[in-house]
Chemist: 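Can you keep this structure in mind? I'll have questions shortly.
Residue numbers start from 1 in every chain, and the chains themselves are labelled A, B, ... in the order their sequence lines are given, proteins ahead of strands. Heavy atoms only: backbone and side chains are in, while hydrogens, waters and symmetry mates are out.
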Amino acid sequence: MLQRPRGTRDFLPHEMEARSEVEGRMREAARRFGYGQVRTPAFEELELFTLRSGPGIVNEMYSFEDKGGRALALRPELTAPALRLFVNEARVLPKPLRWYYVDDCFRYERPQKGRYRQFWQFGAELIGADSAAADAEAVLLADAALRAAGLDYEMKVGHLALLRSLLADLDEGARRNVMALLDKREMDALGGALDALGRGDLLGPLRELVSATTLDEAFGVTGSLPGEGRLRATAGLLEAAGLDFSFNFGIVRGLDYYTGMVFEGFAANLGAENQVVGGGAYRLAHLFGGEDTPSVGFAIGFDRVMVALGEVPVPRRTVVAVLSTAEGLEDAFRAAAALRGAGLRAELDLSGRGLGAQMTRAAKGADFAVLIGAREASAGVVGFKNLATGIQETLPLEEAVARAAGREVSAAADR
RNA sequence: GCCAGGGUGGGGUAGCUGGUCAUCCUAGGGGACUGUGGAUCCCCCGACCCGGGUUCGAGUCUCGGCCCUGGCCCCA
């Protein structure tokens, strides 16, 4: 027996219905913000991702050499491909560009709850905008997409300048170490690390900063900084938009290209992998040979959203089972076509079994049964049974279709 | 890469202090039923993750691998 590769999943029709439903709601949110969808290749030059994230991530990627000797990788994320697309083909489009995407990504990691080797991201990039308004729009779209999906979660907004200003004197390695400990809120280990650096004086301010819940508290720790005005303006816009959010100045975001405002969202019931969205303002285009273009974007972990949502109620369409004997089979196909033409879901019984067996099957999943045996076929009518009420009538096909579609066709209207 | 727990018909399970034809539910197929409801009854289908070891004998003990679940690391 062949197994599916580790960390991948199969989706049956009922799961795909739920996923499509949620995906559709997120797409609609993006559309309403004026974002258009982009799609990039499932694999790219390996260098695209190492330029963005450093050579270390090769170990976490599905990288390979193709038959032409090219170093390629399955995309581990979608921001770099989107910016590559921008640099390749869209530099001259009027800015800002509003793009969104929903696609699968691949990472060679140990699977756990909400983490798979093939997973889907929904994200957006606002390219070529450099303002408080742009920052606010990205946060608001992320929130709109998650809310539209039906998710209850917590939005945290921060800014990298504050932490960076406190750590400005530290060298690269020390700063990374301190930020990693801060990210995990391991304050004891953090104190030890700072003492070892001879910077025990930083512990107090860092502690204050990460626990700050207002802008005044946070800038009280760091003093005024470039970017303060923009962050205050962004916060004002988010509040004006009625967004439910809180500040968190301990948000680290792994990479250097983030330039200012950053945000993350967390949902309950997700175990260790509870972050459902991450994003912020960044500059990436110049790494791929474009102009230094300020952008802001985010990515939502679609699979985690699905896990957090649990059962997703999917709007159910009317199902009509079409039953027939051998004499009625041709008419049954005609009836099914008419039902489908009216937008209904018509399921022909293909079993060739007795009508009793067909009715048994129909009763399990259908709302109505249209029945055509020798009698109906020769009379040019159909049996139309409401499976909820058990009432069966003999009707012309058009009227049966109209009944199933929820419209009453009165004799008076026909005259 | 590390840790813990786990893998028995399609799904869910019992057996797990070696030895009955491996239990039950459900799903699926057929029939009772050649024109009408989810019922009932009968029949059928179908499993010990893979490989090595111990043993007269392994689903059961043991080792390795693969996979699953959760956690660590990482998290772009």
Chemist: Looking at B:rC67, I'd like to know if its phosphate oxygens (OP1 or OP2) sit under 4.0 Å from a side-chain N or O belonging to A:R117.
Modeler: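 It does not, given that no N or O in the side chain of A:R117 lies less than 4.0 Å from OP1 or OP2 of B:rC67.
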Chemist: Where each residue is assigned the nucleotide of RNA chain B containing its nearest heavy atom, which of A:R107 and A:G7 is assigned the position nearer the 5′ end?
Modeler: A:G7
Chemist: Test of understanding: with salt bridge (Lys or Arg N to Asp or Glu O under 4.0 Å), list the residues that count as partners of A:R345, not counting sequence neighbours.
Modeler: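 Result, salt bridge (Lys or Arg N to Asp or Glu O under 4.0 Å) vs A:R345: A:E347.
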Chemist: What integer distance in Å separates A:L181:CG from B:rC75:P?
Modeler: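 A:L181 atom CG is separated from B:rC75 atom P by 12 Å.
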Chemist: Which donor-acceptor pairs under 3.5 Å do the side chains of residues 380-390 of chain A make with protein atoms, sequence neighbours left out?
Modeler:
{"unit_1": "A:N386", "atom_1": "OD1", "unit_2": "A:A388", "atom_2": "N", "d": "2.8"}
{"unit_1": "A:N386", "atom_1": "OD1", "unit_2": "A:T389", "atom_2": "N", "d": "3.2"}
{"unit_1": "A:T389", "atom_1": "OG1", "unit_2": "A:I391", "atom_2": "N", "d": "3.2"}

Chemist: Using a strict 4.0 Å threshold on nitrogen-to-oxygen distance, state whether A:E273 and A:R304 make a salt bridge.
Modeler: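 Result for this pair is yes, salt bridge flagged.
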Chemist: Does NZ or CZ of A:R9 come closer than 6.0 Å to the centre of the six-membered ring of A:Y116, within 45° of the ring's axis?
Modeler: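 Ring-cation test returns yes.
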Chemist: Please give, in whole Å, the distance from B:rU34 P to A:R353 CZ?
Modeler: 12 Å
Chemist: Is A:Q275 touching bases, backbone alone, or none of the nucleic acid, heavy atoms closer than 4.0 Å?
Modeler: nothing
Chemist: Let's see if you can work this out: which of B:rC75, B:rC68, B:rC73 has an atom nearest to the side-chain heavy atoms of A:R6?
Modeler: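 That would be B:rC68.
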Chemist: Determine the interatomic distance between P on B:rG65 and the same-named atom on B:rC3; round to the nearest Å.
Modeler: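 These two P atoms come out 11 Å apart once rounded.
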Chemist: In whole Å, what separates the P atom of B:rG59 from that of B:rG38?
Modeler: 42 Å
Chemist: Between the base of B:rC75 and the side chain of A:R115, is there any donor-acceptor pair under 3.5 Å?
Modeler: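 Yes.
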Chemist: What is the distance from CZ of A:R4 to C1' of B:rG10, rounded to the nearest Å?
Modeler: 14 Å
Chemist: Would you say the side-chain atoms of A:T79 and A:E125 include a donor-acceptor pair closer than 3.5 Å?
Modeler: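 Result is yes, a qualifying pair exists.
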Chemist: Distance check, C1' atoms only: B:rG11 and B:rC16, in whole angstrom units.
Modeler: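 Comparing C1' positions in B:rG11 and B:rC16 gives a spacing of 22 Å.
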Chemist: Distance check, C1' atoms only: B:rG18 and B:rC25, in whole angstrom units.
Modeler: 28 Å
Chemist: For nucleotides 2-8 of chain B, print each protein N/O atom paired with a nucleotide N/O atom at under 3.5 Å, atom names and distance only.
Modeler:
{"unit_1": "B:rC2", "atom_1": "N4", "unit_2": "A:R110", "atom_2": "NH1", "d": "2.9"}

Chemist: Could you give the CD-to-P distance, from A:Q112 to B:rC67, as a whole number of Å?
Modeler: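 Going from A:Q112 (CD) to B:rC67 (P), I get 16 Å.
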Chemist: Say you pick atom P in B:rC33 and the same atom in B:rU17; how far apart are they, in whole Å?
Modeler: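 About 49 Å, rounded to a whole number of Å.
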Chemist: Check the distance between B:rC72's P and A:E186's CD and give it to me in whole angstrom.
Modeler: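 Spelled out: CD on A:E186 to P on B:rC72 is 11 Å.
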Chemist: Provide, to the nearest angstrom, the distance between the CG atom belonging to A:L329 and the C1' atom belonging to B:rG35.
Modeler: 16 Å
Chemist: Using the C1' atoms only, state how far B:rG19 lies from B:rU60, rounded to an integer number of Å.
Modeler: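 Going atom to atom, C1' in each nucleotide, I get 11 Å.
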Chemist: Think A:R9 has a side-chain N or O under 4.0 angstrom from the OP1 or OP2 of B:rC68?
Modeler: no
Chemist: Under a 3.5 Å limit for both distances, which nucleotide forms a Watson-Crick or G-U wobble pair with B:rG5, could you say?
Modeler: B:rC68
Chemist: When you compare B:rG46 with B:rU26, how far apart are their C1' atoms, in angstrom units rounded to a whole number?
Modeler: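 It comes out at 13 Å once rounded to the nearest Å.
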Chemist: Among B:rG29, B:rA76, B:rC74, which nucleotide has an atom closest to any side-chain atom of A:P76?
Modeler: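 Taking heavy atoms from C-beta onward, the closest nucleotide is B:rA76.
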Chemist: Nearest to the A:A374 side chain among B:rG35, B:rC75, B:rA76, which nucleotide is it?
Modeler: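 For A:A374, the side-chain atoms sit closest to B:rG35.
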Chemist: For a quick test of reading the model: is some side-chain N or O of A:K184 closer than 4.0 Å to OP1 or OP2 of B:rC74?
Modeler: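 True: A:K184 side-chain N/O within range (under 4.0 Å) of B:rC74 OP1/OP2.
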Chemist: Which label fits A:F245 and A:F247: parallel for a plane angle under 30°, tilted from 30 to 60°, or perpendicular past 60°?
Modeler: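 It falls in the perpendicular class, over 60°.
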Chemist: Starting at atom CD1 of A:I251, determine the distance to atom P of B:rC75, rounded to an integer number of angstrom.
Modeler: 16 Å
Chemist: Return all side-chain donor-acceptor pairs below 3.5 angstrom for residues 32-41 of chain A, not counting sequence neighbours, or 'none' if the list is empty.
Modeler:
{"unit_1": "A:R32", "atom_1": "NE", "unit_2": "A:E28", "atom_2": "OE2", "d": "3.0"}
{"unit_1": "A:Y35", "atom_1": "OH", "unit_2": "A:E137", "atom_2": "OE2", "d": "2.6"}
{"unit_1": "A:Q37", "atom_1": "OE1", "unit_2": "A:R27", "atom_2": "NH1", "d": "2.7"}
{"unit_1": "A:R39", "atom_1": "NE", "unit_2": "A:D103", "atom_2": "OD1", "d": "2.8"}
{"unit_1": "A:R39", "atom_1": "NH2", "unit_2": "A:D103", "atom_2": "OD1", "d": "2.9"}

Chemist: If pairing requires Watson-Crick or G-U wobble contacts with both distances under 3.5 Å, which nucleotide is the partner of B:rC73?
Modeler: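 WC or wobble partner does not exist here.
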Chemist: Pick base, sugar-phosphate or nothing for A:R75, based on heavy-atom distances below 4.0 Å to the nucleic acid.
Modeler: nothing
Chemist: What N/O pairs connect the protein and nucleotides 36-40 of chain B at under 3.5 Å? Give each pair on its own line.
Modeler:
{"unit_1": "B:rU36", "atom_1": "O2", "unit_2": "A:K385", "atom_2": "NZ", "d": "3.2"}
{"unit_1": "B:rU36", "atom_1": "O2", "unit_2": "A:Q392", "atom_2": "OE1", "d": "3.1"}
{"unit_1": "B:rU36", "atom_1": "N3", "unit_2": "A:Q392", "atom_2": "OE1", "d": "2.8"}
{"unit_1": "B:rU36", "atom_1": "N3", "unit_2": "A:Q392", "atom_2": "NE2", "d": "3.1"}
{"unit_1": "B:rU36", "atom_1": "O4", "unit_2": "A:Q392", "atom_2": "NE2", "d": "2.9"}
{"unit_1": "B:rG37", "atom_1": "N7", "unit_2": "A:K385", "atom_2": "NZ", "d": "2.9"}
{"unit_1": "B:rG37", "atom_1": "O6", "unit_2": "A:N386", "atom_2": "O", "d": "3.4"}
{"unit_1": "B:rG37", "atom_1": "O6", "unit_2": "A:G390", "atom_2": "N", "d": "3.4"}
{"unit_1": "B:rG37", "atom_1": "N1", "unit_2": "A:L387", "atom_2": "O", "d": "2.4"}
{"unit_1": "B:rG37", "atom_1": "N2", "unit_2": "A:L387", "atom_2": "O", "d": "2.7"}
{"unit_1": "B:rG38", "atom_1": "N1", "unit_2": "A:A363", "atom_2": "O", "d": "2.5"}
{"unit_1": "B:rG38", "atom_1": "N2", "unit_2": "A:A363", "atom_2": "O", "d": "2.6"}
{"unit_1": "B:rG38", "atom_1": "N2", "unit_2": "A:K364", "atom_2": "N", "d": "3.4"}
{"unit_1": "B:rG38", "atom_1": "N2", "unit_2": "A:K364", "atom_2": "O", "d": "2.5"}
{"unit_1": "B:rG38", "atom_1": "N3", "unit_2": "A:A363", "atom_2": "O", "d": "3.1"}

Chemist: Quote, to the nearest angstrom, the P distance that separates B:rU23 from B:rG10.
Modeler: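 The same atom, P, in both gives a distance of 16 Å.
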Chemist: Taking pairing as Watson-Crick or G-U wobble with both contacts under 3.5 Å, can you name the mate of B:rU13, or confirm there isn't one?
Modeler: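 Because no pair has both required distances under 3.5 Å, B:rU13 counts as unpaired.
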Chemist: Quickly work out the A:L12 CG to B:rG11 P distance and round it to whole Å.
Modeler: 11 Å
Chemist: Quick test of your reading of the model: are A:R115 and A:D303 salt-bridged, counting only N-O distances below 4.0 Å?
Modeler: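 Looking at A:R115 and A:D303, the cut-off is not met.
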Chemist: Between A:Q358 (side chain only) and A:S324 (backbone N and O only), is there a donor and an acceptor less than 3.5 Å apart?
Modeler: yes
Chemist: Backbone N or O of A:A281 within a donor-acceptor pair of the A:T259 side chain at under 3.5 Å?
Modeler: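 Present.
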Chemist: Only one of A:R84, A:R70, A:R75 clears salt bridge (charged side-chain N to carboxylate O under 4.0 Å, His left out) with A:E44; which?
Modeler: A:R84
Chemist: Taking a pair as Watson-Crick or G-U wobble with both distances under 3.5 Å, which nucleotide is matched to B:rU23?
Modeler: none
Chemist: Excluding sequence neighbours, so at least two apart, what forms salt bridge (Lys or Arg N to Asp or Glu O under 4.0 Å) with A:E208?
Modeler: none
